[in-house]
Amino acid sequence: MSKLFTPVHLAAPEGPGLTLRNRTVLAPMCQYSVTKLDGVPHAWHMAHLGARAAGGFGLVFTEAAAVTPAGRISDADTGIWNDAQAQAWAPIVDFIRSQGAAAGIQLAHAGAKASTHPWLPGPQAAGETGNLSVPGRGWETTGPSETGIFGLDSPIAMTGEQIAASILDWAEAARRADAAGFDVVQIHAAHGYLIHQFLSPLTNTRTDQYGGSFENRTRYAREVIAAVRAAWPAHKPLAIRFSGDDWVEGGWRIEDTARFAAEAFELGVTAFDLSSAGIGKYHGPSGPGFQVPLATAVKQAVPHAFVTAVGMINDPSQAEQVLVTGAADGVSIGRAALKNPNWPAVAAAELGAGREQVPFAAQYWRAHW
């Protein structure tokens with residue numbers, strides 16, 4: 001038996017929670033493919049996510065779906081800030097679930113890292129990098145404080161009224177995600193985006209109740225979690241993705257993440273995904289599984305939660321080792337899943353899992369997994 005391909009339970013405040021068929025998670029990955037620039041997912045998103053569901057993942061996450069137009073990383077991102085977007089997500093959710101996977105959506109706000117050119121080969125080759133032009137395709141960005149650390153236009157520091165309105169945006173997005181049929185909501189608190197900007201002293205220099213001390217810098221995140229948990233049905237699990245460490249002295253460190261994870265768990269978060277960095281130049285480690293220790297630290301802080309490791313986990317044996325050693329409860333697969341939508345089915349076969357454990361679409365039985 002392969003532990004990677006055993007079912008796992010995600011708890012919820014009420015009811016039985018959610019059982020995943022296995023412990024492989026498709027990590028959220030931006031596609032920059034909303035050609036109408038309206039945040040509405042379309043055929044590409046169905047093909048991309050549907051293929052990974054058919055390929056055997058236990059949980060399939062969408063790309064970062066912005067909770068407000070100004071929260072998009074680029075103007076070609078998906079969203080969940082209006083009903084048209086929710087309605088477009090619904091058939092994608094239905095297909096994901098029809099293949100035996102659970103459907104998750106990542107709610108996101110890019111903050112100071114919003115309003116940038118799509119990160120695709122075409123725009124990059126044309127020299128289209130950095131901020132979109134204002135006026136034009138771009139918009140003014142907001143964040144906890146003014147900063148130039150991202151090499152982008154400095155954001156406007158959010159007022160108290162803007163912070164309060166932003167928290168409502170997260171809650172409304174969660175309600176629409178439920179209407180679309182998603183099984184799990186993941187709050188994006190990583191990679192230098194808005195929540196991470198509030199958490200990190202590198203980007204949060206406020207002197208009010210949202211800045212300064214650990215309690216104050218985590219206040220926005222706590223309020224977002226509480227608002228989303230209240231809007232998201234109590235029988236459905238709530239997840240969060242953290243940058244576990246800024247890898248910079250004076251930044252957000254793994255000790256802070258573990259401490260805050262325990263608080264988030266008490267607020268109703270029962271699944272944690274551990275990435276890292278996203279603010280300023282990268283100063284951290286590299287190599288296969290380089291972020292696994294971050295997941296382990298959080299697992300120790302929240303032993304009853306579902307904790308996943310992510311980052312250069314490409315080899316099935318490597319993924320299995322993460323689980324059998326107790327370093328994490330599951331693995332999030334990103335780039336390896338771009339190369340091979342059937343990563344879970346191939347991995348299960350390579351690990352010698354029993355045929356009943358190999359998650360493949362019935363139409364593909366002749367592949368002889």
*asked:* Using a 3.5 Å distance criterion without hydrogens, assess whether the side chain of Gln197 forms a donor-acceptor pair with backbone atoms of Ala112.
replied: yes
* Would Phe272 end up clustered with Leu20 when hydrophobic side chains under 4.5 Å apart are linked, directly or stepwise? -> no
Result for side-chain hydrogen bond (donor to acceptor under 3.5 Å, both in side chains) between Asp273 and one of His188, Arg241, Gln106 points to Arg241
Close side-chain approach of Phe260 and Ile225, heavy atoms under 4.5 Å:
yes
Where do Thr62 and His45 land on the side chain to side chain donor-acceptor pair (under 3.5 Å) test, with the steps shown first? CA-CA 8 Å; Thr62 70; His45 303 91; over 6 Å; no
Minimal heavy-atom distance between Gly181 and Val93, with the atoms involved, is O-CG1, 3.4 Å
query = Tell me, do Thr68 and His109 make a side-chain contact under 4.5 Å, heavy atoms counted?
reply = yes
More than 12 foreign heavy atoms under 6.0 Å from CZ of Arg335: is that the case here? no
When rounded to the nearest 0.5 Å, the distance separating OG1 of Thr325 from CD of Glu320 is 10.0 Å
Taken to the nearest 0.5 Å, the spacing of Thr207 OG1 from Asn216 CG works out to 10.0 Å
Under 3.5 Å donor-acceptor, Thr116 side chain and Ile73 backbone: yes
Validation row: Glu223, Tyr210 side chains within 4.5 angstrom (heavy atoms):
yes
- Report whether Leu238 and Trp170 are members of the same hydrophobic cluster (ILVMFWY, side-chain heavy atoms less than 4.5 Å apart, transitive linking). yes
Residue pairs passing the salt bridge (charged side-chain N to carboxylate O under 4.0 Å, His left out) test with at least one member in residues 207-219, sequence neighbours excluded, are Arg206-Asp208
Under 3.5 Å, is there a donor-acceptor pair between the His191 and Ser275 side chains? yes
Closer than 3.5 angstrom, by distance alone: can the side chain of Ser2 be matched with the main-chain N or O of Ala348 as a donor-acceptor pair? no
In terms of hydrophobic clustering (I, L, V, M, F, W, Y; side-chain heavy atoms under 4.5 Å; direct or indirect links), are Val184 and Leu49 co-clustered? no
Closest heavy-atom pair, His196 versus Gly192, reported as atoms and distance to 0.1 Å, is ND1-N, 2.8 Å
Between Phe57 and Trp343, what is the ring plane arrangement, given parallel below 30°, perpendicular above 60°, and tilted in between? parallel
- request: Take Leu4 and Asn22 through the side-chain contact (heavy atoms from CB on, under 4.5 Å) test and state the conclusion after the steps.
  value: CA-CA 6 Å; Leu4 187 60; Asn22 61 53; over 6 Å; no
Nearest heavy-atom contact between Ala76 and Pro118 is CB-CG, 4.1 Å
d(Tyr364 OH, Trp369 CH2) to nearest 0.5 Å is 8.5 Å
### Query
Quick check: are there more than 12 heavy atoms from other residues, nucleotides or ligands sitting under 6.0 Å from CZ of Arg97?
no
Residues Ala327 and Val292: closest non-hydrogen pair is CB-CG1, 3.7 Å
Check your understanding: Taking everything shown except Gln124 itself, do over 12 heavy atoms lie less than 6.0 Å from its CD?
Key -> yes
**Message:** Contact between Thr6 and Arg23 at the side-chain level, heavy atoms closer than 4.5 Å - yes or no?
**Reply:** yes
Quick one: does any side-chain atom of Arg72 pair with a main-chain N or O of Pro69 as donor and acceptor, under 3.5 Å? yes
Q) Does Met46 reach the side chain of Ile92, with side-chain heavy atoms less than 4.5 Å apart? A) yes
Discussion item. Please evaluate residues Leu294 and Val298 with respect to the criterion side-chain contact (heavy atoms from CB on, under 4.5 Å), reporting the C-alpha separation (whole Å), side-chain torsions for both, the decisive distance (0.1 Å), and the verdict.
Written reply: CA-CA 6 Å; Leu294 303 178; Val298 169; 6.0 Å; no
**Prompt:** Short question: side chain of Thr308, backbone of Val331 - any donor-acceptor pair under 3.5 Å?
**Reply:** no
Taken to the nearest 0.5 Å, the spacing of Glu161 CD from Ser166 OG works out to 13.0 Å
| query | Are Leu120 and Leu152 grouped together when hydrophobic residues (ILVMFWY) are joined by side-chain heavy atoms under 4.5 angstrom apart? | reply | no
Rounded to the nearest 0.5 angstrom, the CD1-OG1 distance for Ile105 and Thr78 is 6.5 Å
Met158 versus Leu194: any side-chain heavy-atom pair under 4.5 Å?
-> yes
- Task: For the pair Trp89 (side chain) and Gly79 (backbone), establish whether a donor and an acceptor sit closer than 3.5 Å, ignoring hydrogens and angles.
- Result: yes
**Prompt:** Side chain of Glu172, backbone of Asp169: donor and acceptor closer than 3.5 Å?
**Reply:** no
d(Asp246 CG, Thr203 OG1) to nearest 0.5 Å is 7.5 Å
Fill in: Residue pair Trp252 / Thr218, side-chain heavy-atom distance below 4.5 Å
yes
Main-chain N/O of Ala190 paired to Ser243 side chain as donor or acceptor, under 3.5 Å | no
Nearest heavy-atom contact between Ala295 and Val307 is O-CG1, 3.5 Å
When you check the side-chain N and O atoms of Trp247 and Ser276, is any donor under 3.5 Å from an acceptor? yes
Is any side-chain heavy atom of His117 less than 4.5 Å from a side-chain heavy atom of Leu132? yes
Here the pair of heavy atoms bringing Gln291 nearest to Val310 is NE2-O, 2.6 Å
**Item:** Flag, side chain of Asp153 to backbone of Thr141, donor-acceptor distance under 3.5 Å
**Value:** no
| query | Are any side-chain N or O atoms of Gln318 and backbone N or O atoms of Met312, one a donor and one an acceptor, separated by less than 3.5 Å? | reply | yes
Practice item. Walk me through it: do Asp183 and Lys236 pass the test salt bridge (Lys or Arg N to Asp or Glu O under 4.0 Å)? Key: CA-CA 6 Å; Asp183 300 298; Lys236 293 187 176 184; 5.7 Å; no
Check your understanding: Can you get from Trp365 to Val346 by hopping between Ile, Leu, Val, Met, Phe, Trp and Tyr side chains that sit under 4.5 Å apart?
Key -> yes
